Student: 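This is the structure, below, for whatever I ask next.
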Amino acid sequence: MELEDPESKPVLLFKYGGNAMSDDRLKKDVLKNIGKLKAQDCDIVIVHGGGPFIKQALNEARIESEFIDGQRKTTPEAFEYVEMTLKGKVNSHLVGLLNGLGHKAVGLSGQDGKTIIASKRRHETLVDGKMTPVDLGQVGDVAYVNPELIYLLLKNDFIPVISCTAADEFGVGYNINGDMFAGHLAGAIGADEYVVLTDVDGLMKDKNDPATLISEIQLADLKMLVDDGTIQGGMIPKIESCEIALNKGAKKARIVNGTKPGQIQKIAGVFNIGTNIKK
């Protein structure tokens with residue numbers, strides 16, 4: 001389901017996280033530049049994570065984190081702190097900064113308006129040479145997206161700022177990978193552009209050489225870059241989220257360096273910024 005008004009503004013959905021969120025000065029510059037796109041008559045949606053803040057909160061509460069294949073096992077006690085951190089600290093701070101810049105931001109999570117319905121993640125890991133089911137606790141996947149509330153807010157000139165938790169149909173809460181959450185939402189709202197803010201300038205053939213930046217690539221060609229090791233580590237889920245967004249309805253996806261906020265406002269122009277991914 002997409003906005004049907006032929007005169008509707010372009011919708012840009014930003015996935016915000018990483019070092020661009022950890023530094024307070026940088027955070028304000030990022031939001032200021034996103035706000036400039038709003039002033040250029042774009043509708044803005046922001047989805048954020050908060051991994052470093054969650055880690056700090058769990059450490060302060062003396063809750064030990066167990067990682068299984070790189071995924072944090074989330075107990076009910078841990079989820080309480082995850083939700084408290086994402087919604088009560090990170091989300092409210094971003095909303096406050098945007099409002100202080102003159103915008104009308106609204107803080108949400110996937111639970112609000114049943115925007116995202118989650119399902120428990122089923123995971124298997126290798127034990128004694130055999131794939132064995134393992135319980136990750138309250139770690140979830142996106143099962144369904146209902147963008148009605150997002151459309152309502154955009155129509156009334158608000159900026160939705162969304163943290164990546166959601167509940168299943170029974171009201172059980174889940175922590176969802178922020179990249180996957182954002183990709184599904186970008187697809188569901190038919191975003192004109194899904195923008196992933198990272199700590200690098202985009203996809204590069206040689207990650208240590210900025211001159212090898214890939215400015216444009218077709219979605220079908222990404223698998224080859226994963227297979228040959230060009231795309232690796234933390235960039236893999238970001239690429240997967242771009243694939244989800246494009247396959248589910250987003251028009252374009254782009255990977256941009258969030259630590260260089262001046263690049264952000266150029267997205268709406270003719271500038272060739274970051275890596276543009278097309279279906």
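Positions are given from 1, in the same order as the sequence printed here. Just so you know, these numbers use all the heavy atoms, side chains as well, and skip hydrogens, waters and symmetry mates. The structure displayed is predicted, hence computed values, not measured ones.
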Student: Taking it one step at a time, do K205 and I214 satisfy side-chain contact (heavy atoms from CB on, under 4.5 Å)?
Tutor: CA-CA 7 Å; K205 293 176 182 175; I214 301 169; 3.9 Å; yes

Student: Between the side chains of Q138 and E80, is a donor N or O closer than 3.5 angstrom to an acceptor N or O?
Tutor: no

Student: Step through the shown structure and confirm whether more than 12 heavy atoms of other residues, nucleotides or ligands are within 6.0 Å of NZ on K120.
Tutor: yes

Student: Any Lys/Arg nitrogen of D29 or R25 sitting under 4.0 Å from an Asp/Glu carboxylate oxygen of the other?
Tutor: yes

Student: Contact between L97 and K32 at the side-chain level, heavy atoms closer than 4.5 Å - yes or no?
Tutor: no

Student: Atom SG in C242, atom NZ in K15: separation rounded to 0.5 Å?
Tutor: 11.0 Å

Student: Would I277 and M235 show up in the same hydrophobic cluster when neighbours are defined by side-chain heavy atoms closer than 4.5 Å?
Tutor: yes

Student: Examine the side chains of T74 and Y174 and answer whether a donor and an acceptor come within less than 3.5 Å of each other.
Tutor: no

Student: Between K73 and D135, does any NZ, NE, NH1 or NH2 come within less than 4.0 Å of an OD or OE carboxylate oxygen?
Tutor: no

Student: Is there a side-chain contact (heavy atoms from CB on, under 4.5 Å) between I46 and I162 once you walk through the steps?
Tutor: CA-CA 6 Å; I46 299 172; I162 310 163; over 6 Å; no

Student: Output yes when E193 and R254 qualify as a salt bridge under the 4.0 Å nitrogen-oxygen rule, no when they do not.
Tutor: yes

Student: Mind checking whether N257 and I273 have side chains closer than 4.5 Å, heavy atoms only?
Tutor: no

Student: Test of understanding: clusters of I, L, V, M, F, W, Y form through side-chain heavy atoms closer than 4.5 Å, transitively. Do Y16 and I54 belong to the same one?
Tutor: no

Student: So, do I150 and L108 sit near enough that their side-chain heavy atoms are less than 4.5 Å apart?
Tutor: yes

Student: Members other than F67 in its cluster, when Ile, Leu, Val, Met, Phe, Trp, Tyr link by side-chain heavy atoms under 4.5 Å?
Tutor: none

Student: Under a single-linkage definition using a 4.5 Å side-chain heavy-atom cutoff for Ile, Leu, Val, Met, Phe, Trp and Tyr, are V196 and M180 assigned to the same hydrophobic cluster?
Tutor: no

Student: Taking atom types as modelled, find out whether T125 and D69 have a side-chain donor-acceptor pair closer than 3.5 angstrom.
Tutor: yes

Student: Using the rule that Ile, Leu, Val, Met, Phe, Trp and Tyr join whenever any side-chain heavy atoms are under 4.5 Å apart, tell me whether V47 and V106 fall into a single cluster.
Tutor: yes

Student: Are D43 and K155 within salt-bridge range, i.e. N to O under 4.0 Å?
Tutor: no

Student: Give a yes or no on whether V30 and L86 share a hydrophobic cluster (residues Ile, Leu, Val, Met, Phe, Trp, Tyr; joining criterion: side-chain heavy atoms under 4.5 Å apart).
Tutor: no

Student: Taking all heavy atoms of F53 and all of S22, pick out the closest pair and write down the distance.
Tutor: CZ-CA, 4.3 Å

Student: State whether the number of non-hydrogen atoms from other residues, nucleotides or ligands found under 6.0 Å of K104 atom NZ is greater than 12.
Tutor: yes

Student: Side chains of N33 and Q265 only: does a donor on one sit below 3.5 Å from an acceptor on the other?
Tutor: yes

Student: Assess the side chains of Q111 and S109: does a donor N or O sit below 3.5 Å from an acceptor N or O?
Tutor: yes

Student: Less than 3.5 Å apart, which donor and acceptor atoms pair up between the side chains of residues 216-227 and the rest of the protein, not counting sequence neighbours?
Tutor:
residue: Q218; atom: NE2; partner: K279; partner atom: O; Å: 3.4
residue: K223; atom: NZ; partner: D227; partner atom: OD2; Å: 2.8

Student: Within a 6.0 Å radius of atom NZ on K114, are there more than 12 heavy atoms belonging to other residues, nucleotides or ligands?
Tutor: no

